Number of protein chains: 2
Amino acid sequence: MKDLTTRQQEILTFIEHYEWRNGFWPSIRDIQEQFGFASTNAVMGHLRALEKKEMIERIPGQARTFRINRPDAPEKPEIPEDATEVVDIPVMGDIAAGYPDRVEPAGEIGRLQVDIQSAGFSSRRRSFALQVRGESMVDAEIYDGDMVIIEPRDAYDGDIVAALIDGETTLKRYIQKGGEPPYLKAENKFYPELYPVTELCVQGVAKAVVRSL
Amino acid sequence: MKDLTTRQQEILTFIEHYEWRNGFWPSIRDIQEQFGFASTNAVMGHLRALEKKEMIERIPGQARTFRINRPDAPEKPEIPEDATEVVDIPVMGDIAAGYPDRVEPAGEIGRLQVDIQSAGFSSRRRSFALQVRGESMVDAEIYDGDMVIIEPRDAYDGDIVAALIDGETTLKRYIQKGGEPPYLKAENKFYPELYPVTELCVQGVAKAVVRSL
DNA sequence: TGTTTAGGTGAACAATTGATCATTGTCAAG
DNA sequence: CTTGACAATGATCAATTGTTCACCTAAACA
């Protein structure tokens, strides 16, 4: 495959992307409009060039009938070949029992799959997701109904943790200033309480928030 | 989703199959020919029925612009064995040029894989993710650095949309009160400006927010 | 200097294609 | 017996869309 000029590459990219977003191919005037050409013939020239370089194929005279020659790419249902590691995360409605129980199906209300690079997860840990109830973390911009992805590990000062308090799992800020015993704190100025850190209290550290709009 | 008649199912299957083989959608006359109809209007009737039953979507007046609503999505071979459907979403750093640019490696900064049930995504749409810059949506609890998952579709009143304003893609609230022309509004009391909705302005509707902690 | 290649304007044309009108017939449900 | 959904004909119209012709500028090249 020959080298493309900058403009040709832009056109090709737009065509691919248009199809990706809309599910069908652009018309020549769609492309013209995108690039602000005053004439459809500007597009035609580029398309002819792309055809000559065997980057695309078209059915002459027919509307929106492109084919893209991707020398490497599979036709379409591309599972990401770049093989980013994916973490499979169960969404727990309630983990009051002390730890997320994978056995009981009732506890799991869904699954999240999150790319590692995007969110910085480690696949070795058994992350899980929690649905937030209540307003105790609004000052950390975490709201009722959000899903929080928890990674079980020891907490450091400043982490947001899932903590078991009075048989209920809640989100709290973990605070530990030099030498002193750690405590937990709600991130809501109307919930000024502090909680001591007891055994098996901290379930894990919050790594991400997911909110459906 | 309602039941389809035999004929409607045949039409739908043909459309799907045609796209699968050719890479683009059939014209109405392609369908007509396939079924040996003497009139294009026979096809039109079936398409209207399929649209009313929400099995397909079309862009009125535009050629070969189908969209198929697959509640079960037979298209992709499932990756996760426990069969929750997963949407593979490219994360775009910047789509200021008007569309996400796949060529520049800087354009795509990662991938998200999100379970459909968890977030209410439809697999038929081509979602993508955007990283939020700025504070224009803080009153909607969307903050600088958050990732917003965008689903390309028409907006309704109250939706949060990704909109192209002055060559930059920004998040805005879409407002349309009965009959009046729609406008866009930043969700920040310090950004009181309103924006008119111009052509090609709205890129899609925000479906979810993801924030790494 | 002439020639090619890339990139573009502007106008006009013609094929493709979707939309619509009027009309016919079948069949099951109320 | 009428109503409504389903299926289809036949003709026509109008919008979308691809194509082409003539012509222009600039850079690269031998």
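Proteins get letters first, then strands, A, B, ... in listed order; numbering begins at 1 in each. The structure presented is a predicted model; accordingly, all values stated were derived computationally and were not measured.
- Along DNA chain C, the nucleotide closest to A:Thr65 and the one closest to A:Arg29 are compared, and the more 5′ of them pairs with A:Arg29.
- When rounded to the nearest whole Å, the span between CG of B:Asn41 and P of C:dA19 equals 11 Å.
- Heavy atoms of B:Gly45 sit nowhere under 4.0 angstrom from any nucleic acid atom.
- One interatomic measurement links the two molecules: CG of B:Asp30 to P of C:dA15, which rounds to 18 Å at whole-angstrom precision.
- Nucleic acid contact for B:Ala38: sugar-phosphate only, since backbone atoms but no base atoms lie under 4.0 Å from a heavy atom of the residue.
- Distance NE2 (B:His46) to C1' (C:dG18): 16 Å, rounded to an integer number of Å.
- Here C:dG18 is the nucleotide among C:dG7, C:dG18, C:dT20 with the atom lying nearest to any side-chain atom of B:Ile28.
- Contacts of A:Ala63 with the nucleic acid, taken as non-hydrogen atoms under 4.0 Å apart, involve only primed sugar atoms and P, OP1 or OP2.
- Using a cutoff of 4.0 Å between basic side-chain nitrogens and carboxylate oxygens, B:Glu51 and B:Arg48 are not scored as salt-bridged.
- Ring pair A:Phe66/A:Trp25 is tilted by interplanar angle, where 30° to 60° counts as tilted.
- Counted within 6.0 Å of OH on B:Tyr156, heavy atoms from surrounding residues, nucleotides or ligands total 12 or fewer; the atom is thus considered open.
- In this structure, A:Ile59 places its CD1 atom 13 Å from P of C:dT16, rounding to the nearest Å.
- The residue among B:Thr6 and A:Pro26 whose nearest nucleotide of DNA chain D lies closer to the 5′ end is B:Thr6.
- Of all nucleotides listed (D:dT9, C:dA11, D:dA7), D:dA7 comes nearest to the side chain of B:Gln8.
- Side-chain atoms of A:Asp159 do not come within 3.5 Å of backbone N or O of A:Ala155 as any donor-acceptor pair.
- Between A:Lys52 and the phosphate of C:dA6, there is no side-chain N or O to OP1/OP2 separation shorter than 4.0 Å.
- You'll find a donor-acceptor pair under 3.5 Å spanning the side chain of B:Thr40 and the base of C:dA19, going by distance alone.
- Nearest to the side-chain atoms of A:Ser39 among the listed nucleotides D:dT17, C:dG10, D:dA8 stands C:dG10.
- Here A:Arg7 does not reach the OP1 or OP2 of C:dA6: none of its side-chain N or O atoms lies under 4.0 Å away.
- Regarding A:Gln62, its CD atom lies at a distance of 5 Å from the P atom of C:dT17, rounded to whole Å.
- Atom CD in B:Glu51 sits roughly 12 Å away from atom P in C:dG18 (whole-Å rounding).
- Each of B:Phe37 and A:Arg64 lies near DNA chain D, and the nucleotide nearest B:Phe37 is the one positioned closer to the 5' end.
- Between A:Gln9 atom CD and C:dG7 atom P the separation is 12 Å, expressed in whole Å.
- Atom P of nucleotide D:dT17 and atom CZ of A:Arg58 are separated by 13 Å, given to the nearest angstrom.
- Taking 4.0 Å as the cut-off between side-chain N and carboxylate O, A:Asp30 and A:Arg64 count as a salt-bridged pair.
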